[in-house]
Amino acid sequence: MSPHETHRTIDAIWRIESAKLIAVLTRMVRDVALAEDLAQDALVIALERWPDIGIPDNPGAWLMTAAKRRAIDFIRRNKLRDQKYDEIGRTAPLYKEDDVDQLLDGEISDDLLRLIFMTCHPVLSQDARVALTLRLLCGLTTDEIAHSFLVAESTVAQRIVRAKRTLSVEKVPFEVPIGEELNQRMAAVLEVIYLMFNEGYSATTGEQWIRPILCQEALRLGRILAEIAPCEPEVHGLVALMEIQASRLKARINAKGEPILLMNQNRAKWDHLLIRRGLAALERSRKLGRPLGPYSLQAAISACHAEARSVAETNWIRIAALYEALARLTPSLIIELNRAVAISMAFGPALGLQIVDELNKEPSLQEYHLLPSVRADLLAKLRRYDEARSEFERAASITRNTRERELLLQQAADCGSGTYKFQDLCPGLARF
Amino acid sequence: MRFMIIVKATTDSEAGVMPSQELLDAMQKYNEELLKAGVLLAADGLMPSSNAIRISYPEPGDKPILVDGPFTESKELIAGYTLIEVKSREEALEWALRMPDPHGNGQGELELRQVFEVEELMDNPDTLAKESDLRKQIEEQKKA
């Protein structure tokens, strides 16, 4: 193996092992920044030695041992003379040398769960939670994170340093919360993962609609969480939602990079393996026997589309009912808008338009481009083409996505020339 | 990126001999590891070729010829597969290397194959160039 190949192999091993290393080390030293440094030290040792001695048979265990040795050295030194960490030494039960090698798989899972609760802690800003989670749990480099969010590397680096400092200053404990706090904190974790997925799925600004790396990382993290927190129905709900949405990734854009809406997608291009996985995850959520939460409901809506062979064969009545249940759990004007579309598909555009016209009075929705775009489509279906055209134009003037603007202007032009095809379900609904 | 780790058949797997408990345990542990790493998409074991049917087209345009199993050349047959989703070829290889020797009788053989996927956006040179332009713009705006 050439040194270059060895390095690439070490990168791959790092990706598999880094989160576990950092999680276990955080438990030992109770400081996530220090834990990451120690894990990095182990990586440096591997980079120095492995090109000479070859990749060990069990590289994960090798790294873990090297990292733990560093941690034990640190703890010893720290006990002797470092006053700074003295408090940690007194208040937190630190590992003794004998128990470090006794860790079982289950305990590593527990440590990973504690780590994700830490990186998604509400004390951090949303941006910081996402960056820190990508870094510590997904093993992405600062550069990769910067690349996927189209921001400067220094910005991400700063964000991560500050986040780690905040966790330390605020003395955020390395633990799985219990009772009512567990629900709230779990919701925060799921929010971070879904935010990551969404950022990848449809970029809010710029030219590009899909940044696959973030979708993949979010999915992977969701799948991990489903194994380490199997009794949380909403974890499975979120995984189901992401699997089903990801199943459409390749059907969502044409060769020119333009978006194709759900109605027009070639369903044969959907990834049926991911759909099956999504349906299975939804079933896991249902089987836990608790009322469906917001992610499970959204996944159930998504599943209605995934299971339908065509738009016409879609169970719109069920979708409308699921939106109603969702609106009851998390009242929102946007869900109401989606319900309006489902109602229009189930019972005709006139009924849908009634709801949309009510929403149109909401001041908070004036800058929301999907509202005029849905309204335009319903007006066109009712053959009120002039009104439809001006609504499409209004939608185009509001959206920040270049590709979407082009599509909306095209639809406005089609209304003007009488060639508008009722292709457009509405991008918002297409999400579930 | 998706990869398929193909487990080749052996005389044992073709004869329907069940793997040892030890091997079953090791495989289960391995699958759990894949699950917990969030990389496992699907995995299955196949029945021996004794109940397989081979469909071949010796004369293009003519009807196919059907041949019932079992088939003899076990090295050419597969006994199972594991489908994983990873970030790089190296990561796929690393996971493949962690799979236990599937037969433990000297005949064990795996084959790692990449799944052909529709061109990814990120691999498209045009998109990459556009994105890099956009990044430059953002950097410059920051400086300004």
Side-chain angles (χ1 to χ4, degrees), chain A residues 5 7-13 15-17 19-20 55 57-60 105 108-109 112 138-140 144 146-148 150-155 205-213 216-217 219-228 239 249-251 253 255-257 269 271 273-274 276-277, chain B residues 1-4 28-44 81 83-98 100-101 112 115-143:
Chain A
E5 284 170 332
H7 278 199
R8 291 193 53 128
T9 304
I10 295 174
D11 275 353
I13 292 167
R15 176 172 162 81
I16 296 173
E17 304 296 339
K20 286 186 265 181
I55 309 274
D57 287 342
N58 189 340
D105 279 356
I108 294 183
S109 296
L112 274 176
C138 303
L140 292 199
E144 285 172 315
H147 195 257
S148 47
L150 297 171
V151 293
E153 194 180 340
S154 55
T155 311
T205 52
E207 291 245 324
Q208 205 172 306
W209 263 53
I210 297 172
R211 300 204 204 110
I213 188 177
Q216 281 158 15
E217 292 304 329
L219 245 176
R220 179 162 166 251
L221 206 50
R223 289 170 183 158
I224 294 173
L225 198 58
E227 296 311 311
I228 58 182
V239 171
L249 274 177
K250 279 164 196 155
I253 348 179
K256 283 187 260 168
K269 274 195 182 169
D271 186 327
L273 175 64
L274 293 187
R276 266 208 311 284
R277 293 180 55 87
Chain B
M1 298 163 101
R2 287 183 186 178
F3 286 83
M4 184 176 272
Q28 193 186 335
K29 189 165 177 286
Y30 174 69
N31 283 337
E32 274 167 21
E33 223 184 299
L34 290 177
L35 255 182
K36 283 190 175 168
V39 297
L40 181 67
L41 289 181
D44 283 301
Y81 71 90
L83 190 64
I84 57 175
E85 180 142 56
V86 293
K87 209 173 143 196
S88 67
R89 193 170 175 274
E90 288 77 10
E91 194 189 339
L93 177 59
E94 185 55 34
W95 283 116
L97 286 170
R98 292 182 187 197
D101 171 356
L112 184 62
V115 176
F116 195 75
E117 285 174 277
V118 183
E119 188 188 32
E120 298 273 355
L121 249 189
M122 293 304 280
D123 299 335
N124 180 332
D126 287 349
T127 318
L128 282 179
K130 268 184 202 157
E131 187 174 308
S132 120
D133 287 349
L134 193 61
R135 276 164 63 77
K136 267 183 215 147
Q137 274 178 25
I138 292 171
E139 300 276 325
E140 272 158 24
Q141 279 167 9
K142 279 223 166 93
K143 279 177 210 152

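Lettering follows sequence order; numbering is per chain, from 1.
Within the 4.5 angstrom heavy-atom criterion, only side-chain atoms of L274(A), from C-beta onward, approach chain B. D271(A) touches chain B through its side chain: at least one heavy atom from C-beta onward sits under 4.5 Å away, while N, CA, C and O do not. Looking at E5(A), there are no atoms closer than 4.5 Å to chain B (heavy atoms on both sides), in backbone or side chain.
Applying the side-chain hydrogen bond (donor to acceptor under 3.5 Å, both in side chains) criterion to Y30(B), with sequence neighbours excluded, gives no partner residue. For R223(A), the salt bridge (Lys or Arg N to Asp or Glu O under 4.0 Å) test picks out E243(A), E85(B), with sequence neighbours left out.
For the atom pair CE (M1(B)) and CD (Q216(A)), the distance works out to 10.0 Å, reported to the nearest 0.5 Å. Put simply, NZ on K36(B) and CG on L225(A) are 12.5 Å apart, with the number rounded to the nearest 0.5 Å. In this structure, CG on L97(B) lies 10.0 Å from CG on D57(A), to the nearest 0.5 angstrom.
Heavy-atom neighbours of D44(B) CG from other residues, nucleotides or ligands within 6.0 Å: above the threshold of 12. Taking a 6.0 Å sphere around CZ of R2(B), one finds it holds more than 12 heavy atoms contributed by other residues, nucleotides or ligands.
Taking chain B as the reference chain and counting heavy-atom pairs below 4.5 Å, the highest number among R220(A), R15(A), R276(A) is found for R15(A). Between chain A and the options E94(B), K87(B), R98(B), the largest number of non-hydrogen pairs under 4.5 Å is found for K87(B).
In this structure the side chain of L83(B) reaches within 4.5 angstrom of the side chain of L273(A), judged on heavy atoms.
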